[in-house]
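Quick notes on the structure that follows.
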Amino acid sequence: MRYSAREFLDGLLDPGSFVSWDRPPIETTTVSPGYRRELRAAAQRSGTDESVLTGGGLLRGRPVAVIACEFAFLAGSIGVAAAERIVAAVERATAEGLPLIASPTSGGTRMQEGTLAFVQMVKIAGAVAAHKAAGHPYLVYLRDPTMGGVFASWGSLGHITFAAPGALIGFLGPRVYEALYGREFPPGVQTAENLYRNGVIDGVVGIEIFRRIAHRALSVASGEVRALSAEPGWAAPVRNPGAEPSSAQAWDAVLSSRRPGRPGIRDLLRHATQRVPLSGTGQGEADRTVVHALARLAGEPCVVFGHDRSGQEGENTLGPAALREARRAMALAEELRLPLVLVIDTVGAALSKEAEERGLAPEIARCLADLVTLDTPTVSVLLGQGTGGGALALLPADRVLAARHGWLAPLPPEGASAIVYRDTRHSAEIAAAQGIRAADLLADGIVDAIVGEYPDAADEPVAFARRVVLAVAAELRHLRGLPAADLRAARHRRYRRLGLPN
């Protein structure tokens, strides 16, 4: 379905709250008599004076700035006057500290104005970048169609990006492709649904659903903390009967972490509120072995990213794209000035030709470098299995928690046994020798606290998940408000001292 600009604004904003910021379009030096007639006809046909409307309004009572293209005005194309209107709105939103919601629908650059119109995308992208650098949210909803330079600039810079069902979205228009190459563009490529599947956008929803998503995202991005009593559906976790083992063997922990019923990151997020699931790198990659979202954990706003144990099977394990998604989550947390929560629960990184050629090892290195220098509070949770570089890539944080049966090792014990003993019969022995248990990690200063299991997370999945969420929230409360420079310095000291005598 193709929505007009006014239909989008009516669907997004509280009734009667929209206030236009638009001034009459500026006069350009390239207006020929024929083009002037086109502009008058476009205004009469569309009911707007340019291809874009801007203004302010309320989204469930929250003040926001909005920009919406009107496709009925010369196919929503962007010329100098439209670009100036967009930039003025972005700059005003930045000055007033407002979150910005943009909804492009456009054929791209206005051909009647040529190269001068084409380069307007630079100043629009610059204004959006400045808005984001100031710590203000930028949300994008792509409508049918969004093409060319609009998609390649302000249409692709959102902190989160959703699109209308069935929307045509792409860089080079199918008609242009056919004219240039003498054949049709492959069908089904430039669709919202295909871009979602391939990790370019976060989802495909109607306007009424996007309104809910935007409300949740802005609530989390606001950084406002809620008391646990104000969070719906919350109750104190129940401690199941049964004694907690004081000194479980390393191999027992490994076996417990592999139990099919053990809760994972999705179980934690079921106890979060105002969740906004995100998808992919935003750059054409998606890995279904990881999950990331905006959410509140026991009232604490944060970005959550982690391994999804339910998505790992056989050789389908964490690849380079998953780590690039992790780095997207890190950048999102830093740009929105939100804490980052990382969940470790992986059988290990992919061992494949594709993983090597697409840069698995460099992405692990970049994750480590990004995490130790991040300007926002970080909490890592060793929830279950912690194998190899795929686990290490999410470990460095201001605070590290471990489930009682969580463990961390360079390789799975079977792999380490194969290296040392040339068989797997010594797996339990080598697991004990390597100090992989949560209790060992606590003694070595790798983790800061252990979350109990009574007696095993798989036997009390709901209570365990709530216990983890509360433990993470407590750490976030402790870290909240600490200066970024202090966080970085403490993080540096922490990892600089690892392995050295006290």
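Atom set for the values below is all heavy atoms of this structure, side chains included, hydrogens, waters and symmetry mates excluded. Predicted, not measured: the structure shown is a model, and the values here were computed from it.
For the pair Arg211 and Leu59, the minimum side-chain heavy-atom distance is below 4.5 Å. The shortest distance between side-chain heavy atoms of Phe71 and Tyr3 does not fall below 4.5 Å. Annotation: side chain of Leu340 is in contact with side chain of Leu371 (closest heavy-atom distance under 4.5 Å). Here the side chains of Glu91 and His131 are not in contact, with every heavy-atom distance at 4.5 Å or above. Leu479 has its side chain within reach of Arg399: a pair of non-hydrogen atoms, C-beta onward, lies under 4.5 Å apart. At least one side-chain heavy atom of Pro137 sits less than 4.5 Å from a side-chain heavy atom of Leu139. Contact check for Ser20 versus Leu53: no side-chain heavy atoms found under the 4.5 Å cut-off. Side-chain contact check for Leu332 versus Leu294: some heavy-atom pair is nearer than 4.5 Å.
Listed for the Glu193 side chain is a donor-acceptor partner under 3.5 Å among the backbone atoms of Gly166. Without hydrogens or angle criteria, Glu7 side chain to Ser4 main chain gives a donor-acceptor distance under 3.5 Å. Using modelled atom types, one side-chain atom of Gln190 and one backbone atom of Leu172 make a donor-acceptor pair closer than 3.5 Å. Counting only distance, with no hydrogens or angles, the side chain of Thr94 and the backbone of Val90 share a donor-acceptor pair below 3.5 Å. Here the side chain of Ser106 pairs a donor or acceptor atom with the backbone of Gly76 at under 3.5 angstrom. At least one donor-acceptor pair under 3.5 Å links the side chain of Asn194 to the backbone N or O of Val189. Remark: side-chain polar atoms of Asp144 are paired, donor with acceptor, to backbone N or O of Leu168 under 3.5 angstrom. Judged by distance alone, with hydrogens and angles left aside, the side-chain atoms of Asp267 form a donor-acceptor pair with the main-chain N or O of Gly264 at under 3.5 Å. Using modelled atom types, one side-chain atom of Asp287 and one backbone atom of Thr289 make a donor-acceptor pair closer than 3.5 Å. With Ser380 contributing its side chain and Leu395 its backbone, the two residues share a donor-acceptor pair below 3.5 Å.
The residues Glu453 and Arg404 are annotated as not salt-bridged, no charged nitrogen and carboxylate oxygen being separated by less than 4.0 angstrom. A salt bridge links Glu460 and Arg467; the closest N-O separation between the charged side-chain nitrogens and carboxylate oxygens is under 4.0 Å. Here Arg328 does not pair with Glu335 in a salt bridge; the nearest charged N to carboxylate O distance is not below 4.0 Å. Under 4.0 Å is where a charged nitrogen must lie from a carboxylate oxygen, and between Glu363 and Arg366 at least one such pair does. We find that Asp308 and Arg266 are joined by a salt bridge, their nearest charged nitrogen and carboxylate oxygen being less than 4.0 Å apart. Comment: Asp14 does not engage Arg62 in a salt bridge, judged by the lack of any side-chain N to carboxylate O separation of less than 4.0 angstrom.
Results of the side-chain contact (heavy atoms from CB on, under 4.5 Å) test with Pro396 over Leu368, Leu374, Leu342 single out Leu368 as the only residue that passes. Exactly one residue among His307, Gln385, Arg309 makes a side chain to side chain donor-acceptor pair (under 3.5 Å) with Asp345. That residue is Arg309. Each of Thr161, Ile201, Ile160 was evaluated against Leu278; a single residue qualifies, Ile160, per the side-chain contact (heavy atoms from CB on, under 4.5 Å) test. Remark: of the listed residues Leu268, Thr346, Leu401, Val451, Leu268 is the sole one forming a side-chain contact (heavy atoms from CB on, under 4.5 Å) with Leu383. Of the candidates Val400, Val379, Leu441, Val400 is the only one forming a side-chain contact (heavy atoms from CB on, under 4.5 Å) with Asp448.
A cation-pi arrangement is absent between Arg327 and Phe305, since the terminal nitrogen or guanidinium carbon is not both under 6.0 Å from the aromatic centre and inside a 45° cone about the axis.
Note on residues 192-211: pairs passing ring pair (Phe, Tyr, Trp, His ring centres under 6.0 Å), not counting sequence neighbours, are Tyr141-Phe210.
Residue-environment remark: OH (Tyr495) exceeds the threshold of 12 foreign heavy atoms within 6.0 Å. Dense packing is recorded around CZ of Arg60, with more than 12 heavy atoms of other residues, nucleotides or ligands lying under 6.0 Å away.
Across all their heavy atoms, Ala272 and Leu297 have their closest contact at CB-CD2, 3.6 Å. Closest of all the heavy-atom pairs between Val66 and Leu13 is CG1-CD2, 4.1 Å. Ile78 approaches Ala117 most closely through the heavy-atom pair O-CB, 3.8 Å. Considering all non-hydrogen atoms of both residues, Arg358 and Ala321 come closest at NH2-CB, 3.6 Å. For the pair Arg296 and Val225, the tightest heavy-atom approach, listed with the atom from each and the gap, is NH1-CA, 4.0 Å. Contact between Leu323 and Cys367 at its shortest, heavy atoms only, is O-SG, 3.6 Å.
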Begin from the C-alpha positions of Leu98 and His136 and carry the test side-chain contact (heavy atoms from CB on, under 4.5 Å) through to its verdict. CA-CA 7 Å; Leu98 293 174; His136 306 309; over 6 Å; no
Can Glu50 and Arg110 be said to form a salt bridge (Lys or Arg N to Asp or Glu O under 4.0 Å), step by step? CA-CA 12 Å; Glu50 246 302 341; Arg110 190 166 298 172; 3.1 Å; yes
Which is it for Ile209 and Phe162 under the side-chain contact (heavy atoms from CB on, under 4.5 Å) test, yes or no, and what are the steps along the way? CA-CA 10 Å; Ile209 302 299; Phe162 287 78; over 6 Å; no
Take Val447 and Leu442 through the test side-chain contact (heavy atoms from CB on, under 4.5 Å) and record every step on the way to the result. CA-CA 5 Å; Val447 306; Leu442 181 67; 3.8 Å; yes
Could you please spell out the steps behind the side-chain contact (heavy atoms from CB on, under 4.5 Å) verdict for Val304 and His292? CA-CA 5 Å; Val304 180; His292 55 137; over 6 Å; no
May I have the step-by-step check of salt bridge (Lys or Arg N to Asp or Glu O under 4.0 Å) for Glu300 and Arg226, ending in yes or no? CA-CA 7 Å; Glu300 297 286 332; Arg226 291 184 175 181; over 6 Å; no
Worked verdict on Glu96 versus Arg92 for salt bridge (Lys or Arg N to Asp or Glu O under 4.0 Å): CA-CA 6 Å; Glu96 296 184 10; Arg92 178 169 174 176; 2.9 Å; yes
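Note that CD of Glu325 is 9.5 Å distant from CG of Leu318, once rounded to the nearest 0.5 Å. Considering CG of Leu487 and CZ of Arg494, their distance stands at 12.5 Å, rounded to 0.5 Å. Remark: Glu224 CD to Gln274 CD distance equals 9.0 Å, nearest 0.5 Å. To the nearest 0.5 Å, atoms CG (Leu408) and OG1 (Thr387) are separated by 8.5 Å.
Side chains of Thr105 and Arg143: a donor-acceptor N/O pair is absent below 3.5 angstrom, by distance only. Between the side chains of Arg85 and Thr54, no donor-acceptor pair is found at a separation under 3.5 Å. Side chain to side chain, Glu70 and Thr48 fail the donor-acceptor criterion of an N or O pair below 3.5 Å.
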